[in-house]
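Below: the structure, in structure tokens.
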Amino acid sequence: MSKGTIVSVSGPLVTASGMETANIQDICRVGELGLIGEIIEMRGDVASIQVYEETSMVGPGETVETTGEALSVELAPGMISQMFDGIQRPLDEFMEKTQSNYLERGMTIAPLNRDKKWEFVPSVEVGTDLTEGDIVGTVQETNVIEHRIMVPYGVKGKLKSIETGSFTVTDTIYVLETETGDKEFTMMQKWPVRQGRPIAEKLNPVEPLITGQRVIDTLFPVAKGGAAAVPGPFGAGKTVVQHQIAKWADVDLVVYVGCGERGNEMTDVINEFPELIDPNTGESIMARTVLIANTSNMPVAAREASIYTGITIAEYFRDMGYSVAIMADSTSRWAEALREMSGRLEEMPGDEGYPAYLGSRIAEYYERAGKVISLGSTGREGSITAIGAVSPPGGDTSEPVTQNTLRVAKVFWGLDSSLAQRRHFPSINWLNSYSLYSNDMNSFVGEKLDVDWSGMVTHTKSLLQDESELQEIVRLVGVESLSEKDRLKLVTARMVREDYLQQNAFDDVDTYTSRNKQYEMLNTILKYQQEAEKAMGLGAYYDEIIKGTEDVRERIGRMKFVPEEELSRIKEINAQIEKDMKVVLEKGGVESDA
Amino acid sequence: MLKEYKTVSEIVGPLMTVQGVEGVKFDELVDIELQTGERRRGQVLEINGDKAVVQLFEGSSGINLDETKVRFLGKPLSLDVSEDMIGRTFDGMGRVNDGGPDLIPEKSLDINGQAINPIAREYPDEFIQTGISTIDHLNTLVRGQKLPVFSGSGLPHKELAAQIARQASVTNKDEKFAVVFAAIGITFEEAEFFMNDFKETGAIDRSVLFINLANDPAIERIATPRMALTAAEYLAFEKDMHVLVIMTDMTNYAEALREISAARREVPGRRGYPGYLYTNLATLYERAGRLEGTKGSVTQIPILTMPEDDITHPIPDLTGYITEGQIILSRELYNQGYQPPIDVLPSLSRLKDKGTGEGKTREDHAPTMNQMFSAYAQGKEAKELSAVLGEAALSDSDKKYVEFTNKFEKEYVNQGNYTDRSIEETLDLGWDLLRVLPRPELKRIKDDMLDKYMPKGE
Ligand SMILES: Nc1ncnc2c1ncn2[C@@H]1O[C@H](COP(=O)(O)OP(=O)(O)OP(=O)(O)O)[C@@H](O)[C@H]1O
Ligand SMILES: [Mg+2]
């Protein structure tokens, strides 16, 4: 630990001299207020420190003291359902301790509650040889998450003793005989956030992440362990997409990082999540959620740290053998924080003022996602799916953050302001979005449902592609110039867009669609096209078909509101299509006879 | 006794460097005395060893390197507040300028405020009736929201803002309500318009005004919105009032910021604005809201003019990324004579979902809203099509949509600046318009609701 003296202050950047013994990335306490900061550069005995709190009224001559530790998170029971700031201070306790609605400066609060007792159940016997990553016991942290206590990294030994019962995170619960003597362990471990947690092996993602959002699951699925980018201009729906996935994705745990966005959006999550029931477990979705909030008006340096805090927590749960999803809203604000610090350090600016290392930082972050086998003598399979919002200036995705993200993320959900303006939500543009997992995921789903899902998806995509070409013609020469079959295509494509892809996040039923329901819905729409084309082949006219199927088309339009428990109602619609087409044909027949 | 320095070593634009200082803090308030005896104020932007860089709010003209005296006041820039501020007018730095007596302050508050703990926020969900259909029904404003108006030069944003201030206040008669108005570099005439409107409606007695006009010091504009928000927070969270903050024009604020950034030779971001413009604007806009354990609220209506009507310009763009929606004025509607010319399609209120519906407005609010948006979008597309190919190219249903769209603009949007519609009136008008469309087209409205509000056979 070393002590230095502040030389200069410029916004979040403080330099201090007399720091020759300090390490880069050490956490320090800055000034009389004891603000929290991190050393990001050393020159001789002068350290540049990025301060995680406002530096107003801090000046030269005040002291800086290092803690000798890198920025780390505490990992143990007590994280789930909590909201932390970017450096893992629990915000509810923050409020209690300060008795203030505002973020007072210089507060130190232990990330995890020191008094709360957890029921620890050991799962190994005395005498067992244990190594890093091995599970020694469990704590039922919430109704859905069993917190598995693992032997920390770099530790090996024979279990000498282990406790059963109620303990705090700082109580000793087991002792190992190691080469260097007996060592006591608590439930808690610490991990430096800027370093990925080690794993045994990385695997290829094979299983889709079911989000319950039709356009995503059907057209642009993301794999468990994959990475997806959601760029879009303001108001296009990035946050709603991320909230929806946080709510409905079939993962074990969600880490949601509000990174430089609105305070009210975090409040919304805190209010709403406890009330929502996870369709997969029947429990409140808050029981599987960890929140990190560093809103836009909170200090920028802590914003930079927040996504690392988030992903480290995600890795820890992955190591237990869980599938975890992490959302970061918005990675652009994180990149801006990086840019601001870089500017103040007077580094050579790269593209649009971002530092030259922007691309590698983004890649490093997304590389921490993936499907893995954890450490431990019986490695567990776990995954992190990383979903990042990108907020390109002016909605122009040619900018550096989007471009660098697309280089590493295999799924691109491009949000489109013109769709959003028409209130077509989610405003994911079906023509330019993509998922490189599509083929694998579709075969997987097809096998699960025992249907030709890949075929249906391919058909749907080409229908939408055709539609855009046909619309081009319509705009130039009018709809009359199209063949009857093409006009029918336009009708079905419109059904796909409005009755399938459009999904209202705020409707109680429409907000989530299971895989089964997705199949039934899409199947019904494609069936309509098939039957209509058949009828046309048998001599029915376009107008006759349209008129004769008014009722069934209205019912197709309302399929999305059919509750999951009543999927047979969609099957009825499906059956009605055939019947109604028959009527169309019969009527037509009668008229032509007459 | 504060130490006095006569060691100004450099003046560049609105920045001044003072050498040989001791004990100076970042962000500290600075008192500058010119050789003429004139006093100005500044703020420490950077302190490096014994060298302080000071931002001059009233500019540098006339400052003399040898004779100017500088004192560091040991506190950040603050605003004296008291309940007696209501009904008074201040300059852009928060000094009384209505010729009345000085304020007897209850306390003095740092104008930068503090970041609100997200846990302490209460989600804004109380409907504010502005009496304007396109806002109340389609882009609902709620208490504690930040909802900017994106305008263009020459468009009637001041009429709209005045209408909101006038009409929104009426429905809150039983509760304490105040308007905080910040003029940021606007013209004398525009400021007069607001003053007159406030006077005519009596709103002036419930208002606090901070005025920095076009010919006032430019750098002062960095302080003006902070002054206004500090007053607003005080009234809302310490005096339980519902405060509506109107700030106009945020474009001038951003320009002042750009001037400072250029003088500091920072790496410029888009169009020369500093890279931290987003964060900087957020520290203003995020000061809207409601807090747990307090009764009041701060609702913000910032107004900005988009240079060249370009919504991708950094100022509207970054504002849109921070605020909870935006109200956009359309030159096209304005040229057609429609008032207020709100373009509903690109406009948005992100907080409408929890502030509307049964118990707040009416059960049919959201479904009719969704339906009207999609019908209007479709009607506009059809109109474009018919402009190219002639009306004959339209299908029967397209023609219905065109009819809807024309009626929508003429009757629903164009209500005038002095019509105050209740939400029920607006919703009923909405149904009248939707009746133009065939029932199967109304897919966004559930059957039972259609049966209730649009009985078959009608
Ligand atoms: N699936 C959806 N269903 C219904 N409405 C939606 C949906 N997605 C988005 N919206 C609407 O669009 C609005 C804006 O969405 P959102 O806040 O997610 O935008 P954003 O892209 O995150 O914008 P910003 O970059 O400014 O944060 C929402 O408030 C909501 O009204
Ligand atoms: Mg968002």
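Order of the sequence lines fixes the chain letters, A, B, ..., with proteins taken first and strands second; residue numbering starts at 1 for each chain.
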Residue from Gly343(A), Gly61(A), Pro233(A), Ala293(A) scoring the most non-hydrogen pairs under 4.5 Å with chain B is Pro233(A)

When only pairs under 4.5 Å are counted, which of Thr283(B), Val267(B), Ile311(B), Thr279(B) shares the most heavy-atom pairs with chain A?
-> Thr279(B)

Carefully, step by step, assess Glu336(A) and Arg270(B) under the rule salt bridge (charged side-chain N to carboxylate O under 4.0 Å, His left out).
-> CA-CA 13 Å; Glu336(A) 279 168 18; Arg270(B) 283 202 310 146; over 6 Å; no

Using non-hydrogen atoms only, which part of Val24(B) is less than 4.5 Å away from chain A: side chain, backbone, both, or neither?
-> backbone

Contact class of Gln145(B) relative to chain A, heavy atoms under 4.5 angstrom = neither

Which one of Lys443(B), Arg121(B), Glu22(B) has the most heavy-atom pairs closer than 4.5 Å to chain A?
-> Arg121(B)

So does Arg475(A) pair up with Glu384(B), basic N to acidic O under 4.0 Å?
-> no

All heavy atoms of Pro60(A) vs all of Gly49(B), minimum pair found to be CG-O, 3.6 Å

Pair count under 4.5 Å, heavy atoms only, with chain A: among Glu266(B), Glu292(B), Lys446(B), Glu122(B), highest is Lys446(B)

Between Thr312(B), Ile119(B), Leu284(B), which shows the greatest number of heavy-atom pairs under 4.5 Å with chain A?
-> Ile119(B)

Kindly indicate, with the supporting measurements, whether the criterion side chain to side chain contact (heavy atoms under 4.5 Å, CB included) is fulfilled by Gln326(B) and Phe234(A).
-> CA-CA 10 Å; Gln326(B) 66 279 337; Phe234(A) 65 79; 3.4 Å; yes

In terms of heavy-atom pairs under 4.5 Å, which option from Leu318(B), Asn370(B), Leu385(B) contacts chain A the most?
-> Leu385(B)

Nearest heavy-atom approach of Asn297(A) to Ala282(B) is CB-O, 4.0 Å

Glu46(B) and Ser10(A): which non-hydrogen atoms are nearest, and at how many Å?
-> CG-CB, 3.7 Å

Over all atoms of both residues, closest heavy-atom pair of Arg422(A) and Ala377(B) = CG-CB, 3.4 Å

Working to the nearest 0.5 Å, report the span between OG of Ser100(A) and CG of Leu291(B).
-> 9.0 Å

Mind checking whether Lys354(B) and Asn271(A) have side chains closer than 4.5 Å, heavy atoms only?
-> no

Heavy-atom nearest pair, Leu91(A) first then Asn117(B), reads O-ND2, 3.1 Å

Looking just at side-chain N and O atoms, do Thr239(A) and Arg350(B) make a donor-acceptor pair shorter than 3.5 Å?
-> no

Does Tyr321(B) have Arg333(A) sitting over its ring (NZ/CZ under 6.0 Å from centre, angle to axis within 45°)?
-> yes

Heavy-atom distance under 4.5 Å to chain B: side chain of Arg558(A), backbone, both or neither?
-> side chain

What part of Val344(B) is in contact with chain A, defined as an atom under 4.5 angstrom from a non-hydrogen atom: side chain, backbone, both or neither?
-> backbone

Looking only at Val7(A), Asn504(A), Val14(A), the option with the highest number of non-hydrogen pairs under 4.5 Å against chain B is Val7(A)

Looking only at heavy atoms, what is the nearest atom pair of Arg262(A) and Gly320(B), with distance?
-> NH2-O, 3.4 Å

Max heavy-atom pairs within cutoff under 4.5 Å with chain A, candidates Lys25(B), Lys75(B), Lys51(B), Lys380(B), goes to Lys25(B)

